[in-house]
**Student:** 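Can you read through this structure? Questions will come right after.
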2 protein chains.
Amino acid sequence: MKVPAVTNETSKGQSAAVKHTLEDIGRLAGVSRSTVSRVVNDQGSVSPEVRERVQGVIEKTGFIPNVAARSLASNRSGVIGLVIPSRVHSLFEDPYFGRLIQGISAASNDAGQTLSLFLFQTESEEERLYPRVVSSGLVDGVILTASRMGDPLMGTLMEGTLPFVVIGRPDVPGRVSYVDADNVGGARQAALHLCELGHTRIGYLGAPMSTSAGVDRLQGFLDGLKACGVDLDPSLRADGLFSEQSGYEAMHKIYSHRPEAVFVASDTMAMGALRALRELGANVPQDICMVSFDGLPSSETSTPALTTVHQPIMQSGRRSVEILLGLLRGDVSGPVAEIVPTELVVRDSCGSLRRPAGTEAG
Amino acid sequence: MKVPAVTNETSKGQSAAVKHTLEDIGRLAGVSRSTVSRVVNDQGSVSPEVRERVQGVIEKTGFIPNVAARSLASNRSGVIGLVIPSRVHSLFEDPYFGRLIQGISAASNDAGQTLSLFLFQTESEEERLYPRVVSSGLVDGVILTASRMGDPLMGTLMEGTLPFVVIGRPDVPGRVSYVDADNVGGARQAALHLCELGHTRIGYLGAPMSTSAGVDRLQGFLDGLKACGVDLDPSLRADGLFSEQSGYEAMHKIYSHRPEAVFVASDTMAMGALRALRELGANVPQDICMVSFDGLPSSETSTPALTTVHQPIMQSGRRSVEILLGLLRGDVSGPVAEIVPTELVVRDSCGSLRRPAGTEAG
DNA sequence: TCCTGTGATGGGAGCGCTCCCGGGAGCGCT
DNA sequence: AGCGCTCCCGGGAGCGCTCCCATCACAGGA
């Protein structure tokens, strides 16, 4: 009845115009469905000759197994979901997410998983769509990022059985898997750097305290100041929203209180702060010196080039999927917490201190 | 045997800890699998009372149909694939892609489709993964963007039967569906604007000629100049790669030939051009005036704020999925080409010409 | 020789849905 | 009454795979 047009296929090369099934391939190779399945999935024992014969037919026909059937039968979809909740669309102007997605995508590709993206623009959309993500069998696991403190999504995930890992430190310590940059350590290092340079009136342009990055970078910064015996003058602190504009406004807010130096909690905000300083006629680093956080390309091309705490964003993305896959396979068990290290990159925004490697700064 | 634990469910609220099937729901509501399917999909005729009863059970149990089974039976997956080929990772520092993805995601959500992202980092990855995208039944259709001229991916797509739409003008006119910004018209308008301002030595910092945007913006620009009887001095033209850095380099290349004005083919490149001019000690707009393309947030916050040709990126994304869905449903038939309009936004980078609406500029 | 173990293979059952057909009930018409 | 039509509803078949068990051939040990 349904005769597979193998000869057609052969002449057409790999293009799979005709849909084949395991059964078709089996018939062509003179074996059963089961055997074909075994070679496709490279499991179970198949004799070398048969394996080769089957593989030949697969290549000739360009056969690709149907994922829906596979999902249905195996109860695994082979897709991981990346969930980015509402209210962060503004953050999308920050290159951070682009890099994160790149890392996650690359790791997914490597693992043969496909990546589905769930960007929720509003909370109602979130509520409407979220159940489907979690319990339709669409995804094998979820990566959750940009979650706010007390995120309802994380609550739902914790109640359910779907494996997930969050990017950024969750506010329920010890109960969920996550990967996060060393925000505390990085910010601390930034503070120490500024102190070492002899500054004492050091300002802080912060990230939102509704995010773990906001909380942790503040804490690290205060830690660093304390270690040097320096206090943060409250009038020298203003928080932003990760956006360029918010950095601009924050700088305007504190500038009249005469900071000698400032730590800005994100490169993108630092771009705004720099713009504000240009407007105000202040030169960086002569009049005020600046350290920021992220290490995005913009920090390298700004005027001046920024001294910044670099975090390996793509690597965070990669690790998150690797951990998720471990959870899925059962390789790793409990909640795993991974902190990826940050690194202070010294450039021009703190004076002529761009030092060759190995040289100490006073 | 498999007794659905409804009472449990009820006490737990919506959370679907236990997996139900159509059959389960049917049993609980005293109807058949088929009837439940009809109310879930809102198709076929069901009496109001029965519909209500079934809906009640669905809500109480938090039932979500299994997507794999649905795909298998219906031969539709409900997911659309967004494919971004290799070599454009650099472009990810451009906020363009973020916005595009936002638009595509929003439209997908609205349509109840899920979005899968295929970012290929290398060509080998591309070749390895692409067949799966196209012929595993994973996706119902594909949106292809950032495709270069002569993209092999588009060839594969054209040979196959999977519906697809490309974002950007494809190099095979009339044969594939696409949505594109009015690059020609926008660039033309930019040129006219510069001419109207009385400039004749107008430079051009272009996008790569391997992209349709590069080709079309150049053409529009030249059209505009021609309409004013102005020629483009070849020494005033340099092409970039959409990146900030490439804009910086391009400006350095042409500056010594003394342009009075310049059209830059993307906002991100314009940021680099601005940086070069700052370094060179040239003031914008006093010494040189600038118009760019895209209308990203950065064009508004740069110093000076840029006059730019705004293109509605998110809308392009939205339209691409709407068209794809039309193709899928069979509402629309042939290849459809949609050009979304651009708009010149006058700001500070061309002098004090920010004019109230309706006022003519000399 | 018989028995057991192991590698290689085939095929039944079933995953949870959609599609389609068939049948019963109710209606209005001849 | 009889007919045809529409509206509802139920259930069979089947989507293409995985999982599991049965089978067979062949080897080696008692």
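Computed from heavy atoms alone, side chains included, the values below leave out hydrogens, waters and symmetry copies. Each chain gets a letter, A, B and so on, in the order its sequence line appears, and its residues count up from 1.
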**Student:** I'd like to know whether Phe118(B) forms a side chain to side chain contact (heavy atoms under 4.5 Å, CB included) with Val142(B), so could you lay out the CA-CA distance, the side-chain angles of the two residues, the decisive distance to 0.1 Å, and finally the verdict.
**Tutor:** CA-CA 10 Å; Phe118(B) 300 92; Val142(B) 161; over 6 Å; no
**Student:** Dot-bracket for DNA chain C, please, read 5' to 3', with Watson-Crick or G-U wobble pairs under 3.5 Å on both distances, ( ) within the strand, [ ] crossing, | other strand, . unpaired.
**Tutor:** ||||||||||||||||||||||||||||||
**Student:** Considering only heavy atoms from C-beta outward, does the side chain of Val340(B) approach that of Asp180(B) to under 4.5 Å?
**Tutor:** no
**Student:** Using atom CG of Asn66(A) as one end and atom P of dG16(D) as the other, report the distance to the nearest whole Å.
**Tutor:**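 These atoms are roughly 7 Å apart.
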**Student:** Of all the choices, dC15(D), dC15(C), dC17(D), which nucleotide is nearest to the side chain of Pro65(A) once you look at every atom?
**Tutor:**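 My answer, after comparing the listed nucleotides, is dC17(D).
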**Student:** Starting at CZ of Arg27(B) and ending at P of dG10(D), how long is that distance when rounded to a whole Å?
**Tutor:**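 Interatomic distance, CZ of Arg27(B) to P of dG10(D): 13 Å.
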**Student:** I need the CZ-C1' distance between Arg53(B) and dC8(D), as an integer number of Å.
**Tutor:** 12 Å
**Student:** Just N and O in the side chain of Asn75(B): are any of them under 4.0 Å from OP1 or OP2 of dT18(C)?
**Tutor:**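 For dT18(C), OP1/OP2 do not have a side-chain N/O of Asn75(B) under 4.0 Å.
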**Student:** Once you round it to whole Å, what is the distance between C1' of dG16(D) and CZ of Arg70(B)?
**Tutor:**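 It works out to 18 Å between those atoms.
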**Student:** I need the full list of salt bridge (charged side-chain N to carboxylate O under 4.0 Å, His left out) pairs touching residues 128-146 of chain B, with sequence neighbours left out, sorted by first then second residue.
**Tutor:**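 Listed by first then second residue: nothing to list.
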**Student:** Would you mind writing out the side-chain donor-acceptor pairs for residues 322-338 of chain B within the sub-3.5 Å range, not counting sequence neighbours?
**Tutor:**
unit_1	atom_1	unit_2	atom_2	d
Glu322(B)	OE1	Arg319(B)	NH1	2.5
Arg329(B)	NE	Asp331(B)	OD2	2.9
Arg329(B)	NH2	Asp331(B)	OD2	3.4
Glu338(B)	OE1	Arg319(B)	NE	3.3
Glu338(B)	OE1	Arg319(B)	NH2	2.8
Glu338(B)	OE2	Arg319(B)	NE	2.6

**Student:** Go through the structure and list residues passing side-chain hydrogen bond (donor to acceptor under 3.5 Å, both in side chains) with Ser116(B), not counting sequence neighbours.
**Tutor:**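 So Ser116(B) forms a side-chain hydrogen bond (donor to acceptor under 3.5 Å, both in side chains) with Ser116(A).
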**Student:** Would you please confirm or rule out a distance under 4.0 Å between OP1 or OP2 of dT18(D) and any side-chain N or O of Asn41(A)?
**Tutor:** yes
**Student:** Within the 4.5 Å heavy-atom criterion, are Leu82(B) and Leu115(B) side-chain neighbours or not?
**Tutor:**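 Answer yes - side chains close enough.
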**Student:** Can you check the Asp24(A) CG to dG16(D) P distance for me, whole Å?
**Tutor:**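 After rounding, the gap between these two atoms is 8 Å.
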**Student:** Would you call Phe63(B) and Val57(B) a side-chain contact if the rule is heavy atoms closer than 4.5 Å?
**Tutor:** no
**Student:** In whole angstrom, give the distance that lies between atom NZ of Lys19(A) and atom P of dC17(D).
**Tutor:**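 Rounded to the whole Å, the gap is 10 Å.
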**Student:** Ignoring backbone atoms, establish whether Arg76(A) has a side-chain N or O less than 4.0 Å from OP1 or OP2 of dC19(D).
**Tutor:** yes
**Student:** Could you state the CG-C1' distance from Leu22(B) to dC9(D), rounded to the nearest angstrom?
**Tutor:**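 Going from Leu22(B) (CG) to dC9(D) (C1'), I get 15 Å.
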**Student:** May I have the distance from Glu23(A) (atom CD) to dC17(D) (atom C1'), rounded to whole angstrom?
**Tutor:** 10 Å
**Student:** So, using side-chain hydrogen bond (donor to acceptor under 3.5 Å, both in side chains) as the criterion, who are the partners of Ser37(B) when residues are at least two apart?
**Tutor:**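 side-chain hydrogen bond (donor to acceptor under 3.5 Å, both in side chains) check on Ser37(B) returns Asn41(B).
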**Student:** Please walk me through it: do Asp110(B) and Arg318(B) pass side chain to side chain contact (heavy atoms under 4.5 Å, CB included)?
**Tutor:** CA-CA 10 Å; Asp110(B) 290 351; Arg318(B) 289 202 82 96; 2.4 Å; yes
**Student:** Mark up nucleotides 9-14 of chain C, 5' to 3', with B wherever a protein heavy atom is under 4.0 angstrom from a base atom, S wherever such an atom reaches only the sugar-phosphate, and - elsewhere.
**Tutor:** BBBBBB
